[in-house]
Undergrad: 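Quick one: the structure is below, and I'll ask about it shortly.
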Number of protein chains: 4
Amino acid sequence: MEQVVVPHAPPPPGELASRYRAVRTLTERLREPLSAEDCQGQSMEDASPTKWHLAHTSWFFETFVLAPGWPTYRPFHAEFRVLFNSYYQQVGPQHPRPHRGLLTRPSLDEVLAYRAHVDRHVLELLASGNGRREPLTAVIELGLHHEQQHQELILTDAKHLLAANPLRPAYREATRTPRAGGVPLHWRSYAGGLSKIGHSGRGFAFDNEQPRHDAALLPFALSTRPVTNGEFLAFVEDRGYEQPALWLSDGWSTARARDWAAPLYWERRDGTWWQFTLAGSRPLALDEPVCHLSFYEADAYATWSGARLPTEAEWEVAAAGARVSGNLLDSGLLHPAPAAHGNGMQQLFGDVWEWTRSAYAPYPGYRPPTGALGEYNGKFMCNQIVLRGGSCATPASHIRATYRNFFPPDARWQFSGMRLARNA
Amino acid sequence: MEQVVVPHAPPPPGELASRYRAVRTLTERLREPLSAEDCQGQSMEDASPTKWHLAHTSWFFETFVLAPGWPTYRPFHAEFRVLFNSYYQQVGPQHPRPHRGLLTRPSLDEVLAYRAHVDRHVLELLASGNGRREPLTAVIELGLHHEQQHQELILTDAKHLLAANPLRPAYREATRTPRAGGVPLHWRSYAGGLSKIGHSGRGFAFDNEQPRHDAALLPFALSTRPVTNGEFLAFVEDRGYEQPALWLSDGWSTARARDWAAPLYWERRDGTWWQFTLAGSRPLALDEPVCHLSFYEADAYATWSGARLPTEAEWEVAAAGARVSGNLLDSGLLHPAPAAHGNGMQQLFGDVWEWTRSAYAPYPGYRPPTGALGEYNGKFMCNQIVLRGGSCATPASHIRATYRNFFPPDARWQFSGMRLARNA
Amino acid sequence: MEQVVVPHAPPPPGELASRYRAVRTLTERLREPLSAEDCQGQSMEDASPTKWHLAHTSWFFETFVLAPGWPTYRPFHAEFRVLFNSYYQQVGPQHPRPHRGLLTRPSLDEVLAYRAHVDRHVLELLASGNGRREPLTAVIELGLHHEQQHQELILTDAKHLLAANPLRPAYREATRTPRAGGVPLHWRSYAGGLSKIGHSGRGFAFDNEQPRHDAALLPFALSTRPVTNGEFLAFVEDRGYEQPALWLSDGWSTARARDWAAPLYWERRDGTWWQFTLAGSRPLALDEPVCHLSFYEADAYATWSGARLPTEAEWEVAAAGARVSGNLLDSGLLHPAPAAHGNGMQQLFGDVWEWTRSAYAPYPGYRPPTGALGEYNGKFMCNQIVLRGGSCATPASHIRATYRNFFPPDARWQFSGMRLARNA
Amino acid sequence: MEQVVVPHAPPPPGELASRYRAVRTLTERLREPLSAEDCQGQSMEDASPTKWHLAHTSWFFETFVLAPGWPTYRPFHAEFRVLFNSYYQQVGPQHPRPHRGLLTRPSLDEVLAYRAHVDRHVLELLASGNGRREPLTAVIELGLHHEQQHQELILTDAKHLLAANPLRPAYREATRTPRAGGVPLHWRSYAGGLSKIGHSGRGFAFDNEQPRHDAALLPFALSTRPVTNGEFLAFVEDRGYEQPALWLSDGWSTARARDWAAPLYWERRDGTWWQFTLAGSRPLALDEPVCHLSFYEADAYATWSGARLPTEAEWEVAAAGARVSGNLLDSGLLHPAPAAHGNGMQQLFGDVWEWTRSAYAPYPGYRPPTGALGEYNGKFMCNQIVLRGGSCATPASHIRATYRNFFPPDARWQFSGMRLARNA
């Protein structure tokens, strides 16, 4: 069996089994507001049908846990090895990504049966002697974090699909009104100097958060909360989308080619700005963090405001001591909320992923694991930008200060916003 | 209300109502083998989801019959006017064709309710005094022929979707084995000369079949049956797809750009040829008519065989006296069948649409109707090729000798085959 | 040697030699206003550099006359067989069309030397016994008509290239002012009935003009002169480019995709319309024939005006008895001129190629010649529209009433205009 | 006038004038082997015609030196402001980059006259009181470094153009045989730790090399010379281009989409590898540095060999003390040469640009200059990879240890190769 990815001590099997049940169940609960038809649609190549997410996360356990860990295990369906392989070249060929939405078979019901089949076997394995041992437990833990990433994608991909429908249907009704906002932007300064970043080795982390290493920083300051819709609207109204001098070269040509004139999901109707949310369309709330920005728009806004985006090291230094709490998936809001009043850094975790000014690159001394799981993170370390902090669609148990999310600079369909930085 | 399209005497309202019920019911019966998810998928821009076909055919009656004919009629849903408008610019904007597959809402159930709503009102209209009068009855009849066209598209679009799935799922199991074949190719000669073609005015016809007019023909001969899989296989094995001298220039570049090496739905596995059918994948039957050819392939085959394709006038002259019967949708086979032994022309109707050598053009004296229904046929008279005779997916009550079907020369997903012609 | 294309008696060798000299010299004279750099540019895939035209027309004689007719002939340069092959698959591979503009070598001087080399050998062949015999003389004559086609392309391709330059440089200064215009549009009626069209066999004709055959026509009328800029401007000002109901479906989507709002080479500056000509940019002359239309625009204009385009058979019937004269290349104007006052049909030949409503198709009984020269015309008989009558860039000795030019319906860079037709 | 970019003391005006003459003359000397036609061709969007380079570098002085520095200066041609603006949005609109090859006017001779016109005025300005003062002298110096960048591009763009010609013409004959090679690969170790990188402020540097700042490095080792053709050939022969596990994800899809199977300009004919050089095609020399790699290929090779690419900080630490000498443009070889025998690091400067593992990003504390010249470097800091050390086409007076070149990861037409790194 191939080498395990994550060299930390995984939780004891009993705890792992209960965590397994909780994560797998949540995925299916997130599916519930969606019909079989909703689970079928694929609105663009970057997004996947919900049904595919449900199947692929099961494929992950089947391929990396059951197949190597259970000598007599028989796959649920031979063709699924290809159909639900995302990008693991070492596992074999993949059904073409843009055609995931054409897989009307297997049906949603069959995919749910596939999930149950995999669950039964994984839990049996965990209950047996075999599954209690590394490396299997480590891979199971990895599979759960993998599934949590797809939980977020289920929400962002469904949002993108529903937004493409002129009926503007809601994923589900709004549960409650977020608290009032209106908190002014403050800055907090940091001394810089030689700082450690990266994961220390306690608890789970992805390979890309390691090794922990020194980063040399100049003194800097960060805004104490993310930029709001109201602030970003001032950029729009100042014709920020029409001034090339504010934009990176690739950003400007992308914005022109795609006719960007506001963040994704903003719509202007009869002089009023609306935004599409998972609870349907509603007037733009000015005190909420601005969301669904590309890196290009975030960078242009920062330039326009006389500031810049933080590097990922600066962000991590600021977040290093902070408690992981905030408007995460667990809050159930499924939408960014206004900042609370109070001192100190706000909203480091949750609400919106924060674009940094850092290209996604290997940390010094990084080596991807061997085997197919080495493809998990390492091969994407080019043409992507790091985002930090999690969003309103990220499970709380999934995020941490060292966590490195990454997307291409033109991606807008994640809950992606921004915090400002400046040289101190 | 806008002018009626078809200047013949439509059937009496009672007969029209019973015909209406029959056609609308058949559409829904054709849907039954497909799940809600199957009805959602759109495999390419040229194809539409089954659900969209179900809704669009109802939109046609709502827009062209109920709205003008029933002063107080309220549309089932205001947005449907845009969502299910195919290409009628004079009706208003259209949901973009490539995004039809993203409309996971309305659900299939809602669309079926939409159908029921429209049916109730159309039948009520027909029962009332208003609906018994032209032009409404003529438009209702047009709407039924329109719906029959979409019945065929439901089958060809579903076939294309299912074929894109590596599981190669069947639309439904094969009902019965077609009769044995192996009939050799014979030729039948026609004297040519000045011949009338086009619709005479008795019974329904589309505007594009009119006016009836003279065509001057040289003596010619037609093959008594369509080209078979076995004959076409000889072309493949003679490297017909690799010899540019056999192809039209645009055909050659299309074939090269798309890597065509056999008809659509042919697959070679371990040295054996298979074909995908609505009953799933099965070995290529050599005595069946070759199917799912583009015009380019049909023309190249004809050149290779030393013959040519017939003009549409030649085809119509040959079919003028023939009875409309054959392997049409009503046979339930849903697949081309081998020719029967016997004298005379075989398979003029049904089995496969036959590519002609004629570009789709207005007949001399043709004028499209005024109003939006004038867009039905006339505006497509460019870059398309005429096909004749109907296929195994065409309702028998829909086809006739003067019927002009048309598709671009690169289209392959219809049940399109070919008959040979030569100068006599 | 491969079979000769044109089955008529070619001129005696002495006359052929003097015609050869005249045609070849004219090609080089047309080149003279252009620098070596001008001869290098290729402004789009459809157009070719002047230098390439100079070489390709020589390649034609080398490949189809010298190689088969002169046993010891050694090609000027072995690689030219590929570099200057346009589309003859049976001759062998071709340098990719879009990359013709990258061939900075051979230089213009080398290409002129290539021409001289070919000329010397062809004339020697004609002076010898060998070259006096068919089929060589027939192919030489074909080569001269081929070269005349490229004379026109040299002008239209250079115009397109110069128009792409913001400096709007002239090919050469205007030689003289065309006569005054302002002739109103009249109609002339024709009886229709069974009419012969196609080439009778006296004098040179391309294979695609044959066989002569019957066409059955309804009574019709044609406008006595082409549509003018002034008349077309009324269509523009009536928002003809914004009304989908006037357009063929493919025409409308093409016009929208390419942002067409006026004919090619029209520019509106400060409220005035200008047109780019081979003598540079100048104010739009309202009484000149409108030019640089696509078939789509011509068809939309005809619809808007309540008329239609003529079929090619109608056009040929009208032109059958007319003398071949008019504003052709020989007039030196290189631009369409206003119609003259007077009775009868005007401007059938010259000024602008006239779009017909006829798809380019084989005449009844047509068979392309065998061998590579069979690719000359036949393989393009799909997706193209016939134009008739020649333009201000067509040599007078090249055009005739039966001549069938053809271009795709979206082509605009030829001197292409329109005459109206209606049912009588 | 806008702020000057480079905050160091420029050379005294007399020295600047003589440097100006030398750089401008060299540009024209590099042009000499090319005909006017060669100077016209543009082989891809990334490359520009030589004539355009000649004009654009003059435009730079006209726009940023003469226009602001000489109140009564009249531009050589009003349209040139648009035609030869590369990407300075704050100067105004730009002729579209892909259409630079269509500008057959102005002619090469006119562009050379434009150069002379600009030279006369710049030298007059330098001789006058005005031009002796900053900021003008600083901008003139910037303009000379800018022109040196285009000297390299003239060579790489011409190479790309000539390589697109099946005649494989040479830019000029090879001047001499490079010295023998065959030096084995050695490693040299570096201690890492906190290291200063970036420009110190003495002598000219671009804004992107500043500010000088700390970088924290782990111990590392670098290969003492770049990877050779022979070594890279082993990767090719080991099917390196067919193993996805060796490649970054974007690299693999790019290599597949473009059918990469060897470095650019390698050709296999009859079992032998050839490479296209500025002296024409010749057998692959195994001891020369491998060249014309994309970042993706360099990264895949490094992975295959068990090593990695150096970061730009590692490279700069290794190069910090080295003398700037090597096979640069001044050697006249115009092609990478084999490594010399001897101890220590070889070929840090010249031969091939060395891809690093570093995305091109702003240094800590970086701020682009204000005004249009701020667009020179800063706006490209996204989606690009840093290369270091210069190549056989880089002027010696242009390169230094802190110099940051940058290209997108798929670019191959520069003289780009690689040096290996590993963790020590």
Side-chain angles (χ1 to χ4, degrees), chain C residues 31 33-45 47 49-52 54-55 76-85 92-96 98-112 114 157-172 280-281, chain D residues 31 33-45 47 49-52 54-55 76-85 92-96 98-112 114 157-172 280-281:
Chain C
R31 198 283 308 165
L34 301 169
S35 69
E37 291 156 284
D38 292 333
C39 293
Q40 181 62 49
Q42 180 181 27
S43 56
M44 61 170 172
E45 180 168 346
T50 301
K51 187 168 71 179
W52 191 92
L54 296 174
F76 184 76
H77 191 302
E79 289 275 355
F80 285 11
R81 185 173 179 89
V82 172
L83 287 188
F84 300 119
N85 180 0
Q94 302 117 48
H95 185 69
H99 297 174
R100 289 178 185 167
L102 304 186
L103 298 174
T104 61
R105 323 271 177 99
S107 69
L108 175 59
D109 285 343
E110 286 170 294
V111 166
L112 293 175
Y114 177 38
D157 291 0
K159 185 171 182 178
H160 194 265
L161 174 66
L162 297 173
N165 191 325
L167 303 176
R168 300 283 184 270
Y171 166 75
R172 62 104 218 255
S281 198
Chain D
R31 198 283 308 166
L34 300 169
S35 69
E37 290 156 284
D38 292 333
C39 293
Q40 181 63 46
Q42 180 181 29
S43 56
M44 61 170 173
E45 180 168 347
T50 301
K51 186 168 73 179
W52 192 91
L54 295 173
F76 183 78
H77 191 302
E79 289 274 356
F80 286 11
R81 184 173 179 89
V82 172
L83 288 189
F84 300 119
N85 181 0
Q94 302 118 47
H95 186 69
H99 297 174
R100 288 177 185 168
L102 304 186
L103 299 172
T104 60
R105 323 270 178 98
S107 69
L108 175 59
D109 285 344
E110 287 170 291
V111 165
L112 292 176
Y114 176 38
D157 291 1
K159 186 172 182 178
H160 195 265
L161 174 66
L162 296 172
N165 192 324
L167 303 175
R168 299 281 183 273
Y171 166 75
R172 62 103 217 257
S281 199

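Note that the structure is predicted; figures quoted are calculated from it, not measured. So that the names make sense, note that chain A is the first sequence line, chain B the second, and so on, each numbered from 1.
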Undergrad: Would you check if Gln40(D) and Thr104(D) make a side-chain contact, meaning some heavy-atom pair closer than 4.5 Å?
TA: yes
Undergrad: What option among Ser35(D), Ser107(D), Gly41(D) has the most heavy-atom pairs under 4.5 Å with chain C?
TA: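 Heavy-atom pair counts peak at Ser107(D).
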Undergrad: Checking side-chain contact (heavy atoms from CB on, under 4.5 Å) against Asn165(C), which of Arg105(D), His95(D), Glu79(D) comes through?
TA: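 Only one option passes, and that is Arg105(D).
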Undergrad: What is the distance from atom OH of Tyr114(D) to atom CG of Leu54(D), rounded to the nearest 0.5 Å?
TA: 11.5 Å
Undergrad: Please flag which part of Leu167(D) lies under 4.5 Å from any non-hydrogen atom of chain C: side chain, backbone, both or neither.
TA: side chain
Undergrad: Can you tell which part of Leu102(C) gets under 4.5 Å to a heavy atom of chain D, answering side chain, backbone, both or neither?
TA: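 Answer is both: backbone and side chain atoms of Leu102(C) are under 4.5 Å from chain D.
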Undergrad: Is chain D contacted by the side chain of Pro96(C), its backbone, both, or neither, given a heavy-atom distance below 4.5 Å?
TA: neither
Undergrad: What part of Leu108(C) gets within 4.5 angstrom of chain D, counting heavy atoms only: side chain, backbone, both, or neither?
TA: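 Contact with chain D involves both backbone and side-chain atoms of Leu108(C).
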Undergrad: At a heavy-atom separation under 4.5 Å, does Leu103(C) approach chain D through its side chain, its backbone, both, or neither?
TA: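 Interface part for Leu103(C): both.
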Undergrad: Is the closest side-chain heavy-atom distance between Pro106(D) and Phe84(D) below 4.5 Å?
TA: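 Yes, close enough: below the 4.5 Å cut-off.
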Undergrad: Tell me, side chain or backbone of Glu37(D) under 4.5 Å from chain C's heavy atoms, or both, or neither?
TA: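 Both parts, backbone and side chain.
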Undergrad: Can you tell which of Ser43(C), Cys39(C), Gly101(C) has the highest number of heavy-atom pairs within less than 4.5 Å of chain D?
TA: Ser43(C)
Undergrad: Taking the side chain from Gln94(D) and the backbone from Gly92(D), do they hold a donor-acceptor pair closer than 3.5 Å?
TA: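 Answer holds: yes.
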Undergrad: Supply the atom-to-atom distance Arg31(D) CZ to Lys51(D) NZ, rounded to the nearest 0.5 angstrom.
TA: 11.5 Å
